[in-house]
Amino acid sequence: MARTAFVTGGTRGIGRAIAERLKADGFRVAVGYAGNEEAAKACADEVGAVVVKGNVGNFDDCVRAVKEVEDKIGPIEVLVNNAGITRDAMLHKMTPQQWNEVIYVNLASIFNMSRQVIEGMRERGYGRIINVSSVNGQKGQMGQTNYSAAKAGVIGFTKALAQETANKGITVNAVAPGYIDTEMMSGIPQTVLDKIVGSIPVGRLGRAEEIAACVAFLAREDAAFITGSTVTANGGQYMLG
Ligand code: CAA
């Protein structure tokens with residue numbers, strides 16, 4: 001029987017590509033979104049995903065969203081924590097609001113969502129949790145103390161939860177994308193973007209589908225021996241030992 005997957009931030013950008021790929025791989029797919037109704041409708045119509053609205057930075061929203069999805073299409077067996085935002089500024093200009101929004105949406109969300117599904121996964125003895133981190137959580141990025149801290153935190157969370165669940169049939173992994181051609185890039189000044197692309201050995205931005213392929217691999221049943229790992233997909237921009 002088809003397994004159920006939930007992708008947060010799944011109506012646009014990398015999340016939408018993940019939703020499409022998991023659907024093509026035979027999953028029943030639900031996606032979460034924060035507020036863009038047009039993208040949500042398009043995702044429901046074009047991908048055939050169940051869409052639920054909510055703020056992943058808010059615990060109670062996650063309780064409600066997961067219940068809604070599970071009532072409609074069954075227990076979540078694959079959770080992709082993808083939702084993320086940027087609020088870039090040098091630290092000397094960063095406001096508490098810019099810091100807090102990024103920490104809640106990009107990091108607290110991983111707890112808020114995983115907490116909803118972990119008991120069921122443990123009971124059923126099966127699960128896949130895939131957390132979307134970032135190259136900037138691995139290497140740090142000027143203008144992103146908030147984002148880099150949150151995305152590094154995602155990797156720490158992944159390793160800790162992987163240890164808690166390794167003997168329960170549940171794998172927990174991270175994917176760390178580099179710079180991917182999505183709306184998130186639109187806020188970067190062109191001169192800065194040119195510098196960034198110049199630092200990518202592959203010579204271009206990544207494609208959302210290339211990240212979706214990594215997620216789809218980790219979501220497979222036969223990826224059972226991979227846990228606590230970080231799959232790095234950044235065009236060679238940052239190479240880890
Ligand atoms: N790479 C290289 N150089 C960068 C840089 C970057 N990512 N970001 C800023 N710089 C450089 C600028 O080119 C500039 O250099 P010069 O002084 O030599 O001209 C210097 O740093 C200061 O930058 P600004 O003049 O733009 O300063 P500002 O205070 O107006 O803005 C900023 C600072 C908000 C950080 C802005 O530069 C910016 O948005 N930078 C992009 C930051 C970035 O990489 N964000 C990633 C977004 S995508 C993402 O997060 C997804 C992911 O997971 C990869």
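Atoms within a ligand are numbered from 1 in the order they appear, just like the ligands themselves.
Neither the backbone nor the side chain of Ser199 has any atom closer than 4.0 Å to an atom of ligand 1 (non-hydrogen atoms only). Neither the backbone nor the side chain of Thr191 has any atom closer than 4.0 Å to an atom of ligand 1 (non-hydrogen atoms only). Here Gln141 has side-chain heavy atoms under 4.0 Å from ligand 1, and that is the only part of it that gets that close. With a 4.0 Å heavy-atom cut-off, ligand 1 is reached by no atom of Ile180.
Here is the list of ligand 1 atoms found below 4.0 Å of a heavy atom in Pro189: 38 (C), 39 (O). Residue Ser134 approaches ligand 1 through these ligand atoms, each under 4.0 Å from one of its heavy atoms: 52 (C), 53 (O), 54 (C).
Looking at atom 23 (O) of ligand 1, its nearest protein heavy atom turns out to be Met90 CE, 4.8 Å. For atom 5 (C) of ligand 1, the nearest protein heavy atom (residue, atom name, distance) is Val192 CG1, 3.4 Å. Protein heavy atom in closest approach to atom 35 (C) of ligand 1: Gly143 CA, 3.5 Å. Of the protein's heavy atoms, Met142 SD, 3.7 Å lies nearest to atom 4 (C) of ligand 1. Nearest protein neighbour of atom 29 (O) of ligand 1, counting heavy atoms only, is Lys93 NZ, 2.8 Å. Scanning the protein heavy atoms around atom 48 (S) of ligand 1, the nearest turns out to be Met185 CE, 3.3 Å. Ranking the protein heavy atoms by distance from atom 46 (C) of ligand 1 puts Gln144 NE2, 3.3 Å first. Among all non-hydrogen protein atoms, the one lying nearest atom 18 (O) of ligand 1 is Lys195 NZ, 3.7 Å.
Within the model, atoms CG of Asn82 and CZ of Arg16 stand 13.0 Å from one another, a figure rounded to the nearest 0.5 Å. Note that the CZ atom of Arg122 and the CG atom of Asn167 stand 7.5 Å from one another [nearest 0.5 Å].
Here atom 54 (C) of ligand 1 lies nearest to Asn136 when heavy atoms of Val102, Asn234, Asn136, Thr182 are compared.
A salt bridge between Glu210 and Arg207 is present, with a side-chain N of the basic residue lying under 4.0 Å from a carboxylate O of the acidic one. Ion pairing of Lys168 with Glu164 is absent here, as no side-chain N (NZ or NE/NH1/NH2) approaches a carboxylate O to less than 4.0 Å. A salt bridge is absent between Asp60 and Arg64; no separation between the charged side-chain nitrogens and carboxylate oxygens falls under 4.0 Å.
More than 12 heavy atoms of other residues, nucleotides or ligands shown are found within 6.0 angstrom of CZ on Arg124.
In the hydrophobic cluster analysis, where Ile, Leu, Val, Met, Phe, Trp and Tyr join through side-chain heavy atoms closer than 4.5 angstrom, Val105 is grouped apart from Val80.
In summary, the side chains of Asn55 and Asp61 do not present any donor paired with an acceptor at a separation below 3.5 Å, with no hydrogens or angles considered. Between the side chains of Thr232 and Gln138, at least one donor N or O lies within less than 3.5 Å of an accepting N or O.
For atom 27 (O) of ligand 1, no protein non-hydrogen atom is found at a distance below 4.0 Å. Under the 4.0 Å distance rule, the nearest protein heavy atom to atom 31 (O) of ligand 1 falls outside the cut-off. For atom 21 (O) of ligand 1, a protein non-hydrogen atom is found at a distance below 4.0 Å.
Partners of Tyr238 under the ring-ring contact (aromatic ring centres under 6.0 Å, His included) rule, at least two apart in sequence or in another chain, do not exist in this structure.
Cation-pi geometry between Arg3 and Tyr126 is met: the NZ or CZ atom falls under 6.0 Å from the ring centre, inside 45° of the normal.
Note: an N/O pair closer than 3.5 Å links Asp88 and ligand 1 by distance alone.
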